[in-house]
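Presented below is the structure to which this report refers.
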Amino acid sequence: MPLPIGTTPYRTHHLGELRDTDDGRNVVLSGWVHRVRDHGGVVFADLRDRQGITQVVFQPDTDAEAHRTAESLKDEFVVRIEGTVRKRPAEMVNSKLATGAIEIVGHKVEILNRARTLPFAIEDESSAGEALRLQYRFLDLRRPVMRDNIILRHRLAQEMRRRLDAWGFLEIETPMLTKSTPEGARDFLVPSRLAPGKFFALPQSPQIFKQVLMVSGLDRYYQIVRCFRDEDLRADRQPEFTQVDLEMSFAGADAVMEVVEDVVASAIRVGRDVEVKRPFHRMTYAEAMSRFGSDKPDVRFGLELREVTAAAGRSEMKVFLEVVKGGGVVIGMRVPGGAAFSRTEMDALSAVAVSFGAKGLGWIKKQQGAWTGQIAKFFPDAVRAEIDQSLEMGEGDLAVFVAGAKRASQEILGRLRLHLGEQMKLIPQDELALLWVTEFPLLDFDAEARRWVAMHHPFTSPLDEDVPLLDTDPGAARSDAYDLVLNGSEVGGGSVRIHAEPVQERMFELLGIGAEEAREKFGFLLDALSFGAPPHAGLAIGLDRLVTILAGAQSIRDVIAFPKTQKGACPLSGAPAEVADAQLRELNIRLARTAPTDGGNK
RNA sequence: GGGGUGGUAGUUAAGUCGGUUAUAACGCCGGCCUGUCACGCCGGAGGCCGCGGGUUCGAGUCCCGUCCACCCCGCCA
């Protein structure tokens with residue numbers, strides 16, 4: 001479907017639109033000069049817009065003036081041309097272009113605007129450095145891959161809106177200037193001019209407001225909303241990011257998952273033209289940790305973990321015995337075909353494990369039916385057989401072992417699993433593996449602060465059957481929370497909220513948030529909850545990550561129009577920047593020290 | 001805050017053990033070319049080797065510091 005053109009003297013068609021059935025049609029086209037091929041006589045110019053590329057040919061013998069102008073065209077000039085569609089002879093068809101069956105015979109060219117020599121070429125396989133691309137983002141976004149990412153993002157967002165509307169969700173905006181929250185990430189602060197010395201915080205998420213909307217009886221809320229967290233960046237993380245945030249009343253986990261599965265499956269249908277299997281697979285946190293060593297497992301490949309503590313306890317391996325005696329675990333991972341690794345490769349692998357926090361990496365190889373490797377001699381035959389069976393060891397396989405505290409060992413081996421999966425190219429790149437991870441621990445013990453912290457957030461409900469544990473064994477209590485995982489990346493997370501006041505109070509108590517502090521920090525939510533709160537639950541989808549994966553991009557920066565660098569700066573706008581003294585005075589702010597000057601990098 | 005990789009022409013990269021005038025491709029400029037589509041051919045210009053300091057007769061190359069970009073740990077309920 002061609003886009004509507006509207007009323008304009010600039011064009012009758014877009015540049016991805018004309019086909020051989022348009023042969024003979026007189027057209028007006030406008031766009032950027034993508035490339036010029038000047039043959040001395042005939043001149044070819046590829047014109048580009050958002051829709052595609054169309055070749056225009058200028059002939060000196062029939063259109064002398066247009067040809068003269070065409071000879072002066074440079075890359076990225078903006079032009080308007082008048083011409084006639086001509087079907088190309090079979091041998092001149094360009095099958096790489098959607099419009100390759102035709103070309104435009106240019107009768108008139110008008111240069112609407114010129115362009116300076118570009119800092120980098122406008123082409124998909126641009127190898128320009130990211131810093132340069134961000135500085136000239138307006139050029140970077142002209143590259144078809146980047147344009148397609150932005151369009152994909154739009155289409156996913158539209159589809160999700162459409163589905164949420166169909167489910168009866170209302171799009172409601174919540175404040176950007178709000179209140180600092182005590183738990184969680186560092187806040188971005190905004191000074192208040194009207195209240196000297198006081199600050200707003202930008203929202204880390206609309207969490208509290210959306211719960212208040214449920215108390216208000218609006219029943220179902222959603223918002224595609226910017227959230228802010230002042231923490232260090234990663235490839236899949238930047239300080240401002242977008243969530244598809246939703247909350248629903250008289251609903252539990254199953255209701256939320258049903259809606260989200262529909263919304264996400266629809267988005268994937270639109271974005272990738274793929275039908276994903278529903279319902280999505282569900283896995284408990286405990287299973288995810290024991291099988292994959294991660295609470296967001298990438299299940300596109302094997303290399304699963306297997307605990308072999310009991311067998312290792314019957315070996316003669318001193319480190320294993322000590323760990324087992326101390327209540328720790330020994331976890332093994334079979335690497336099919338891994339016996340082929342050289343000694344150097346094994347040393348490198350051990351070093352990786354150590355860099356992940358392992359004390360060391362034990363390993364054995366199964367070759368010609370027997371165990372080889374330095375630690376093999378510490379295992380009696382019976383123990384070998386038991387481990388063989390447990391790990392399902394086959395000829396030519398490698399097994400690696402990590403010993404220590406349970407969660408830490410799982411995580412180390414989980415990371416080693418991802419490392420090997422990449423190194424051995426075991427991960428099918430085109431596959432989309434979606435699953436829910438459920439039954440997270442409600443609380444996590446912060447060893448440094450020596451107190452409980454909420455694993456999700458302080459309003460997450462425990463599972464009904466685990467409520468009594470809050471008084472007896474809080475660490476064992478599981479929450480009614482669920483994460484949506486796609487290809488080993490957390491793309492969504494949510495929970496059933498606490499709507500019973502006594503449970504909420506007990507929760508604050510456990511978190512060491514006193515009654516007064518709770519009132520001070522969350523007063524309006526607690527107030528709201530005391531005036532008839534419906535049971536409610538919700539979730540937020542990380543839009544940037546979802547689009548990144550569906551676009552096949554490497555970094556969320558490739559699906560955000562104007563992203564931040566790893567230092568949280570914007571090379572295009574120059575943000576963050578110093579402000580005038582007058583502005584600071586108006587806000588009652590005095591700097592403790594002035595910003596350091598730039599180090600002379602061009 | 002910590003670890004790693006990188007920074008050389010407009011761009012992307014090469015540059016050996018420290019040694020003569022710092023290479024190449026693309027881009028740019030000039031010329032030629034009437035069927036290309038990454039057009040082709042000939043010629044040319046273009047460098048604060050990120051920045052500062054040090055070692056040395058001599059530094060793109062070695063050392064120290066620093067800035068920037070990226071990846072990771074910490075951090076991110």
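Below, chain A is the first sequence line, B the second, and so on; all start at residue 1.
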### Task
Answer with yes or no whether A/R234 presents, from its side chain, a donor or acceptor under 3.5 Å of a partner atom in the base of B/G74.
yes
### Query
Side-chain donor or acceptor of A/D75 under 3.5 Å from a matching atom on the base of B/G27?
no
### Task
Please indicate whether A/K406 has more than 12 foreign heavy atoms, meaning atoms of other residues, nucleotides or ligands, lying under 6.0 Å from its NZ.
no
### Query
To the nearest angstrom, how far is A/L132 atom CG from B/G27 atom P?
17 Å
### Query
Whole-Å distance between B/A38 P and A/F120 CZ?
21 Å
### Task
Taking the six-membered ring of A/F301 (Phe, Tyr or Trp), confirm whether the NZ or CZ of A/R417 is under 6.0 Å from its centre and within 45° of its axis.
yes
### Summary
Across every strand shown, the nucleotide meeting Watson-Crick or G-U wobble geometry with B/U66 (both distances under 3.5 Å) is B/G50
For [N] and [X] - does any side-chain N or O of the residue sit under 4.0 Å from the phosphate oxygens OP1/OP2?
X: A/R37; N: B/C39; result: yes
X: A/K96; N: B/A38; result: yes
X: A/R35; N: B/C26; result: no
X: A/T565; N: B/A69; result: yes

### Task
Take A/K74 and A/D61, find for each the nucleotide of RNA chain B with the closest heavy atom, and name the residue whose nucleotide sits nearer the 5' end.
A/K74
